[in-house]
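Take a look at the structure set out below.
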Amino acid sequence: MEYIELAPALSARGCVRLPGSKSISNRTLLLAALAEGRTEIRDLLSSDDVDRMLEALAALGVQWSREAGSDHYIVDGVGGAFPVKSAKLFLGNAGTAFRPLTAALALSGGEYELSGVPRMHERPIGDLIDGLAQIGARIKYLGNGGFPPLAVHPGEIRPGGVVKIRGDVSSQFLTALLMALPLTGEETAIEVVGELISKPYIAITLALMERFGVRVKRDGWARFVIPGGARYCSPGRIFVEGDASSASYFLAAGAIGGGPVRVEGVGADSIQGDVRFAEALAQIGAQVEAGESWIEARAPEVGRLKAFDMDLNHIPDAAMTLAITALFADGPCRLTNIASWRVKETDRISAMATELRKVGAEVEEGADYLRIVPPVALRYAEIDTYDDHRMAMCFALISLGGKGVRINDPKCVNKTFPGFFDTFASVCSPVPVIAIDGPSASGKGTVAALVADALGYRYLDSGSIYRIVALAAMRAGIPLDAETDIARLAVTLPASFEHGRVLLGEDDVSDVIRGEECSVGASKVAALPAVRAALVTRQRNYRVGPGLVADGRDMGSVIFPDATVKIFLTATAEVRAERRYKQLIEKGLPANMDSLLRDLRERDARDSGRQVAPLQKTPDAVLLDTSGMSIGQAVDFVLDQVR
Ligand code: DC
């Protein structure tokens, strides 16, 4: 399973140019295709769902082209029904392509098959098919009744009259009908049965149809009339707004992580309902400002974000971001009227509840609501994303809670926001890590501890963790080459570091782990890949604000590859031997220069030659040769690098 590790962040601040809106991109493409004339579409979203629509349009005989190196497209409209009368379309998991194309193809008088990924075949479409059947469309289910895949046959279309459609499962059914019905040329009324959900998405549909010359009359949200003789005409050039749902992750980052974080591409006058996410943030205490084409959010002036109980029917997608924001609120939160989550890319209510529990929240899940009790402190977790871009994107915000987070299958964000994680990282300030490595007796431990003290950072002596593992294994009678057993032991090892002492359970082992037996043992267990892997998360969890100094072999390469500063601290073997000699004499222990030097040279060779995590300076590490330096000078050198 592919994953991405997000480092814990101290704060979020910056400015983000949003990718184009998915809802607007796919609606605009379809309308441009059905319209008379050529449409130049600027800032179209590049994403999987939009690619599915573009492929489908090409297969249906619509000519389009992309301006090289840009997000600008030219679409030559076909001025009515699609010219290709027989096609098989694969539409992935793109609801915004599947539903409207089904309606438009039902009125195109051809033989078409529409299918998608398995999840698409679990997302209901029966209400739309029933609505289309009322005007004579002939659509058959190729799998389960009420669900894709579908076969569309030429129907005997009887335009005019009234089409009734349910509005309480997905607003995309109404969107699909609204966009397709002008193809009939007759006045047709649509009556919505049940309470219409996600009304702002219908507002987007109506606004775009109007840009293409078709003005729908409406009576509240219950009845819509498409005028007779309506035809889509190209508006010439059309700009796609930035994606307001995508904006939610960055605005929430500003509200949680201090801010300000500004998004560009949507503003106060946006046609997208999800801009109202900003209002929701303001209601819970965030400071929000907006201009014509930007919105900005920052943390509350005083205190934390406030607990909330909100009806979120009007912003179903951005509401997922509020579910994560709830973790940072000052009390239990309720998100209500979100039943549509159950038929989205995944069952989002259930997925959200499952993953929120992993980070320590207490979650109550209802048919159409979630109640979230924020934990006292978030836990590091490995988050599953259910092939749902929004699960991946909103859980990135967890990294602002002081612990890192692993997001599984991060590429699912390509559905609407390729590059999301880079953009997100660009506004986050990760907890700084100073990684210090070097050969034995180079003084790296002493320097690292002093640097940590000077900066007020935490200090991780990773060597001592391998030493404790070796000790625990020896005490449990596990042979030091029993890789699986030792790896298992390493995961649950009750090791802690308190006031400069090292504890194994209740037992103070600070001195015993420094002994010869543990040194030899540590170098054996440290050579076992499974043991190293088992200790990765434990070591990463030391990264907490305000910062960490981490000393050891793979700190800058494996554990903290994004470390702020990497130092390779060394000294000649002679100097190191001399230092060790002095230490031993000071402690009143026997010492011999020649044998110390020989031992060091042998150990250097073994360490740099070993297969697993060999001692090597990584290319991005700064070399610090302390042969002619005092400890104080070495510490100052590192502090200079940090500054
Ligand atoms: O730094 P030290 O001498 O306390 O380390 C003990 C052993 O563990 C030594 O053989 C190097 C190894 N080690 C490692 O492989 N990776 C680390 N990050 C730290 C130590």
Side-chain angles (χ1 to χ4, degrees), residues 433-452 458-474 480-481 483 486-487 489-490 493 495 497 500-502 504 509-543 548-563 566-571 573 576-577 579-580 583-584 596 599-618 621 624 626 634:
V433 174
I434 298 155
I436 302 186
D437 193 9
S440 311
S442 61
K444 63 184 179 347
T446 313
V447 171
L450 288 170
V451 168
R458 237 177 155 186
Y459 168 50
L460 165 63
D461 168 9
S462 61
S464 70
I465 295 183
Y466 288 98
R467 288 167 182 270
I468 304 170
V469 170
L471 178 66
M474 291 186 284
L480 292 184
D481 56 358
E483 184 164 358
I486 299 178
L489 180 83
L493 193 72
F497 298 82
R501 306 307 291 171
V502 183
L504 178 56
V509 296
S510 320
D511 297 325
V512 57
I513 60 163
R514 295 281 145 210
E516 188 58 18
E517 209 185 1
C518 283
S519 296
V520 174
S523 85
K524 286 190 183 155
V525 299
L528 305 172
V531 174
R532 302 197 75 83
L535 291 170
V536 169
T537 301
R538 177 186 288 262
Q539 295 178 85
R540 286 194 179 136
N541 282 341
Y542 281 88
R543 185 178 196 170
L548 175 71
V549 180
D551 139 24
R553 192 60 34 100
D554 52 353
M555 293 299 107
S557 53
V558 176
I559 309 296
F560 304 110
D562 63 335
K566 299 180 187 179
I567 306 280
F568 190 83
L569 196 142
T570 185
R576 286 183 282 135
R579 286 178 186 164
R580 181 59 46 97
Q583 269 176 359
L584 293 171
L596 278 172
D599 281 357
L600 266 178
R601 288 205 166 115
E602 278 171 16
R603 214 162 133 183
D604 282 355
R606 230 186 8 249
D607 270 5
S608 16
R610 88 176 194 211
Q611 288 279 318
V612 183
L615 176 67
Q616 270 168 5
K617 177 188 160 315
T618 55
L624 172 59
T626 63

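We count residues from 1, following the sequence as given. Counting starts at 1 for both ligands and their atoms, following the listed order. Quantities reported herein were computed from a predicted structural model and do not represent experimental measurements.
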### Message
So which atom in A573 and which in L600 form the shortest heavy-atom distance, rounded to 0.1 Å?
### Response
O-CD1, 3.9 Å
### Task
Could you tell me the residue and atom name of the protein heavy atom closest to atom 11 (C) of ligand 1, and the distance to it rounded to 0.1 Å?
R553 NH2, 3.9 Å
### Selected option - heavy-atom contact closest to atom 19 (C) of ligand 1, from S523, S462, A526
S462
### Message
More than 12 heavy atoms of other residues, nucleotides or ligands under 6.0 Å from NZ of K524: yes or no?
### Response
no
### Message
Out of all atoms in ligand 1, which are within 4.0 Å of some heavy atom of R610? Include the element for each.
### Response
14 (C), 15 (O)
### Query
What protein heavy atom is closest to atom 20 (C) of ligand 1, reported as residue, atom name and distance in Å?
G463 CA, 3.5 Å
### Donor-acceptor under 3.5 Å (R467 side chain, A522 main chain)
no
### Query
Does one side chain, of T626 or R579, offer a donor that lies under 3.5 Å from an acceptor on the other?
yes
### Task
With heavy atoms under 4.0 Å as the rule, classify the contact between R606 and ligand 1 as side chain, backbone, both or neither.
neither
#### Entry: Exam field: side chain S462 to backbone D551, donor-acceptor pair closer than 3.5 Å
yes
### Task
Give yes if a backbone or side-chain nitrogen or oxygen of Q539 is under 3.5 Å from a nitrogen or oxygen of ligand 1, and no if not.
no
### Message
Taking 4.0 Å as the limit for heavy-atom contacts, which would you say applies to K524 with ligand 1: side chain only, backbone only, both, or neither?
### Response
neither
### Message
If we ignore hydrogens and angles and just use 3.5 Å, is the side chain of R532 paired with the main-chain N or O of A526 as donor and acceptor?
### Response
yes
#### Entry: Element-labelled atoms of ligand 1 that are located less than 4.0 Å from some non-hydrogen atom of D554
18 (N)
### Query
Hey, is K444 close enough to D461 for a salt bridge, meaning N to O under 4.0 Å?
no
### Query
With no hydrogens and no angle check, is any side-chain donor or acceptor of K566 less than 3.5 Å from a backbone partner on P561?
yes
### Query
Among protein heavy atoms, which lies nearest atom 13 (N) of ligand 1, and at what distance?
Y466 CD1, 3.9 Å
### Query
So is there a nitrogen or oxygen of R467 less than 3.5 Å from a nitrogen or oxygen in ligand 1?
yes
## Note on the structure
Here the atoms of ligand 1 under 4.0 Å from any heavy atom belonging to A522 are 6 (C), 7 (C)
### Query
Quick one: are D437 and I567 in side-chain contact, heavy atoms under 4.5 Å?
no
### M555 neighbourhood, listing ligand 1 atoms whose heavy-atom distance to it stays under 4.0 Å
18 (N)
### Message
Suppose I only count heavy atoms of K444 and a 4.0 Å limit; which atoms of ligand 1 are within that range?
### Response
1 (O)
### Task
List every atom of ligand 1 that sits less than 4.0 Å from any heavy atom of R532, numbering the atoms from 1 in the order shown and giving each element.
14 (C), 15 (O), 16 (N), 17 (C), 18 (N)
